[in-house]
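Worksheet: one structure, shown below.
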Amino acid sequence: QVQLVESGGGLVQAGGSLRLSCAASGHTFRNDGVGWFRQAPGQERVFVAAINWSGDDTGYSDHVKGRFTISRDNAKNTVYLQMSRLKPEDTAVYYCAARQSRSYYLTRVEYDYWGQGTQVTVSS
């Protein structure tokens, strides 16, 4: 059974940083495209960042480009989202998702597996 587990969320002041992790169990990430999405209260779940299987191709939403960095360590079966210069509008539950494809994808429907999410709260 595939399980994705996010960690690293928490409360941080505006301008601060957090690093989220997405670890897979019951499944090997190394051939998957992986994405991060976020969902704020009352809003839809939206794309944040994604990475291809080898880590040499990434994509970001305009809202986070230049502030967030997605990376992966296939030996540890883990994908990371380094978030810097956080803003209150980054407050959301962050989800990772995986698709059994070497590319990455920008839309929710493309992904096969989802984690339960981790809360990120940025105070002003």
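Since the model is a prediction, treat every value here as computed from it, not as a measurement. Basis for what follows: all heavy atoms, side chains included, without hydrogens, waters or symmetry-related copies.
Although no hydrogens or angles enter the test, the distance criterion places no donor-acceptor pair under 3.5 Å between the side chain of R67 and the main chain of Q82. In this structure a side-chain-to-backbone donor-acceptor pair under 3.5 Å is missing from N31 to Q100.
Side-chain polar atoms of Y94 and R38 form a donor-acceptor pair below 3.5 angstrom. Side-chain contact, S101 with Y105: a donor N or O sits under 3.5 Å from an acceptor N or O.
Qualifying side chain to side chain donor-acceptor pair (under 3.5 Å) partners for T69, counting only residues two or more places apart in sequence or in other chains: none. Scanning for side chain to side chain contact (heavy atoms under 4.5 Å, CB included) contacts around R108 gives F37, R45, W114, with sequence neighbours left out. Annotation: side chain to side chain contact (heavy atoms under 4.5 Å, CB included) contacts of T91 (sequence neighbours excluded): Q119, T121, V122. Taking the side chain to side chain contact (heavy atoms under 4.5 Å, CB included) definition, one finds that D56 meets it with N52, S54, sequence neighbours left out.
Taking the charged nitrogens against the carboxylate oxygens, R102 and D32 have no contact shorter than 4.0 Å, which rules out a salt bridge. Looking at K65 and D62, a side-chain N of the basic residue comes within less than 4.0 Å of a carboxylate O on the acidic one, giving a salt bridge.
Within 6.0 Å of the CD atom in Q3, the count of heavy atoms belonging to other residues, nucleotides or ligands does not exceed 12.
The CD1 atom of I51 lies 11.5 Å from the SG atom of C22; values are rounded to the nearest 0.5 Å. Interatomic distance, CZ of R30 versus CG of N77, reported as 7.0 Å (0.5 Å rounding). If you take OH on Y80 and CD1 on I70, they are separated by 12.0 Å, rounding to the nearest 0.5 Å. Here D90 contributes atom CG and M83 contributes atom CE; the two are 7.5 Å apart, rounded to the nearest 0.5 Å.
Residue pairs meeting the ring pair (Phe, Tyr, Trp, His ring centres under 6.0 Å) criterion with at least one member in residues 53-76: none, sequence neighbours excluded.
Taking each heavy atom of V79 and W36 in turn, the nearest pair found is CG1-NE1, 3.8 Å. Listed here is the closest heavy atom pair of A50 and Y111: CB-OH, 3.7 Å.
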Under 3.5 Å, side-chain donor or acceptor atoms of residues 4-18 against the rest of the protein: list the pairs with distances, not counting sequence neighbours.
residue: E6; atom: OE1; partner: Q116; partner atom: N; Å: 3.1
residue: E6; atom: OE1; partner: G117; partner atom: N; Å: 2.8
residue: E6; atom: OE2; partner: C96; partner atom: N; Å: 2.9
residue: E6; atom: OE2; partner: G117; partner atom: N; Å: 3.2

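Residues V34 and F29 are in side-chain contact: their nearest non-hydrogen atoms beyond the backbone lie under 4.5 Å apart. Residues Q39 and Y95 form a side-chain contact, since some pair of their non-hydrogen atoms from C-beta on lies under 4.5 Å apart.
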